[in-house]
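Both ligands and their constituent atoms are indexed starting at 1 by order of listing.
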Amino acid sequence: MKEKAIMNHQGTILWLTGLSGAGKTTIANGVAQELQKRGCLVEVLDGDLIRTHLSQGLGFSKKDRDTNVRRIGFVANLLSRNGVVAIVAAISPYREIRDELRQTTTNFVEVYIQAPLAVCESRDVKGLYAKAKAGQIKHFTGISDPYEEPLNPEVICFTDRFTIEECVYQVVSYLDYQGHIRHNC
Ligand code: ADP
């Protein structure tokens, strides 16, 4: 019987950053679905979920946020080096840590999920903006904590101007064009 070839090619870290409510989770799930259809190994690391498990107990100071992002990066790297497309959906507000991950990992693709603060506030998917503005949540990104936009992201999705489907298509097309999907599937 013919031996099955052991494939261990490098995967990708698809890092979605942006304000709360910008659309990271929605686009991450849409991209994951599309890549799975193409036979890719995919895992979504969602910031909210990570905070209830891997980063339980961490707060929202700069130090804790940096620790959280480094942990997510560590796991994403473990996955991607085993051929998985690791899709991260996390606010990850500090440029320096995102850039650090870009430097220390392979196939790091930064996607800026962009929507004006006013649009994110009006969506207020989880009701967090209302609470932050009422002073019930401290250190809330965009309201009482900084968000540092990426300077040179590989992709920018303007979620106030394009539909979810268009944004998903934009990301998948980029991965396709750059050969990330061919390598993985
Ligand atoms: P985040 O993960 O960034 O906090 P979510 O994905 O949880 O954001 O929520 C984004 C909200 O914005 C969803 O309710 C989604 O339906 C809506 N939305 C509207 N247009 C878009 C778009 N083009 N891309 C992504 N989300 C969009």
Side-chain angles (χ1 to χ4, degrees), residues 12-37 42-56 58-62 64-73 75-76 79 85-95 97-98 101 108-134 136-151 153-176:
T12 301
I13 300 175
L14 187 67
W15 194 282
L16 276 53
T17 174
L19 294 172
S20 177
K24 300 179 296 297
T25 302
T26 306
I27 293 173
N29 290 334
V31 171
Q33 223 175 29
E34 196 53 44
L35 295 186
Q36 274 159 353
K37 269 194 229 160
V42 184
E43 190 60 66
V44 175
L45 300 173
D46 189 83
D48 289 338
L49 206 59
I50 294 280
R51 277 189 174 274
T52 65
H53 296 280
L54 187 66
S55 290
Q56 200 181 34
L58 288 183
F60 293 87
S61 64
K62 179 169 190 310
D64 278 7
R65 284 179 186 272
D66 289 352
T67 301
N68 179 46
V69 167
R70 285 198 179 102
R71 284 183 191 173
I72 300 172
V75 176
L79 290 166
V85 182
I87 307 177
V88 176
I91 297 173
S92 41
Y94 294 107
R95 191 179 296 135
I97 307 299
R98 297 193 306 265
L101 292 175
F108 185 87
V109 176
E110 191 175 28
V111 181
Y112 180 22
I113 306 297
Q114 210 281 346
L117 180 62
V119 172
C120 297
E121 279 183 55
S122 69
R123 288 177 182 161
D124 209 4
V125 192
K126 299 158 212 150
L128 298 175
Y129 281 98
K131 285 188 184 165
K133 286 172 93 176
Q136 290 163 15
I137 305 176
K138 294 201 172 67
H139 298 293
F140 195 75
T141 304
I143 302 293
S144 46
D145 224 45
Y147 177 76
E148 299 174 353
E149 294 188 315
L151 298 179
E154 277 74 10
V155 184
I156 306 181
C157 295
F158 294 99
T159 68
D160 61 323
R161 280 177 252 163
F162 296 93
T163 64
I164 296 169
E165 291 72 26
E166 284 167 338
C167 293
V168 168
Y169 180 78
Q170 189 190 355
V171 176
V172 173
S173 301
Y174 176 85
L175 294 175
D176 211 352

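A side-chain donor-acceptor contact under 3.5 Å links Arg123 to the backbone of Ala22. Side-chain atoms of Asp46 do not come within 3.5 Å of backbone N or O of Ile50 as any donor-acceptor pair. For Lys24 (side chain) and Gly18 (main-chain N/O), a donor-acceptor pair under 3.5 Å exists by modelled atom type. Checking side-chain atoms of Gln114 against main-chain N and O of Ile156 turns up no donor-acceptor pair under 3.5 Å. Put simply, the side chain of Thr141 never gets that close to the backbone of Leu19: no donor and acceptor are under 3.5 Å apart. Judged by distance alone, the side chain of Arg51 and the main-chain N or O of Gly59 form a donor-acceptor pair under 3.5 Å. Between the side chain of Asp160 and the backbone N or O of Val119, no donor-acceptor pair lies under 3.5 Å. For Glu154 (side chain) and Leu14 (main-chain N/O), no donor-acceptor pair under 3.5 Å exists by modelled atom type.
Contact annotation: Ile164 has at least one heavy atom less than 4.0 Å from an atom of ligand 1. Not a single heavy atom of Val168 lies less than 4.0 angstrom from ligand 1. Contact annotation: Lys126 has at least one heavy atom less than 4.0 Å from an atom of ligand 1. Taking 4.0 Å as the cut-off, Gly18 does not count as a neighbour of ligand 1 on heavy-atom distance.
Nearest protein heavy-atom contact of atom 26 (N) of ligand 1 is Gly23 CA, 3.7 Å. Nearest protein neighbour of atom 17 (C) of ligand 1, counting heavy atoms only, is Arg123 NE, 4.0 Å. Shortest contact from atom 4 (O) of ligand 1 to any protein heavy atom: Gly21 N, 2.7 Å. At the top of the distance list for atom 5 (P) of ligand 1, counting protein heavy atoms only, stands Thr26 OG1, 3.7 Å.
Taking a cut-off of under 4.0 Å to the non-hydrogen atoms of Leu19, the atoms of ligand 1 that pass are 3 (O). Applying the 4.0 Å criterion to heavy atoms of Thr163 picks out, from ligand 1, the atoms 23 (N). Taking a cut-off of under 4.0 Å to the non-hydrogen atoms of Phe162, the atoms of ligand 1 that pass are 22 (C), 23 (N). Using a 4.0 Å cut-off to heavy atoms of Ser20, the atoms of ligand 1 that qualify are 4 (O).
Close N/O approach between Ile27 and ligand 1 is not found [any backbone or side-chain N/O within under 3.5 Å]. On a distance-only criterion, Ala22 and ligand 1 share at least one N/O pair closer than 3.5 Å. Not one N or O of Cys167 is nearer than 3.5 Å to an N or O of ligand 1, by distance alone.
Residue Ile91 does not touch ligand 1, judged by heavy-atom distances below 4.0 Å. Contacts between Val125 and ligand 1 below 4.0 angstrom, taking non-hydrogen atoms only, involve the side chain exclusively. With a heavy-atom cut-off of 4.0 Å, Glu166 does not touch ligand 1 at all. Contacts between Lys24 and ligand 1, counted as non-hydrogen atom pairs separated by less than 4.0 Å, involve both the backbone and the side chain.
Summarising the geometry, atom CZ belonging to Phe108 is positioned 11.5 Å from atom OG1 belonging to Thr12; distances are rounded to the nearest 0.5 Å.
Stacking of Lys62 on the aromatic ring of Tyr94 is recorded, both the 6.0 Å distance cut-off and the 45° axial limit being met.
With 3.5 Å as the limit, one finds no donor-acceptor pair spanning the side chains of Tyr129 and Ser122.
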Full working for side chain to side chain contact (heavy atoms under 4.5 Å, CB included) between Val75 and Leu54: CA-CA 10 Å; Val75 176; Leu54 187 66; 3.7 Å; yes
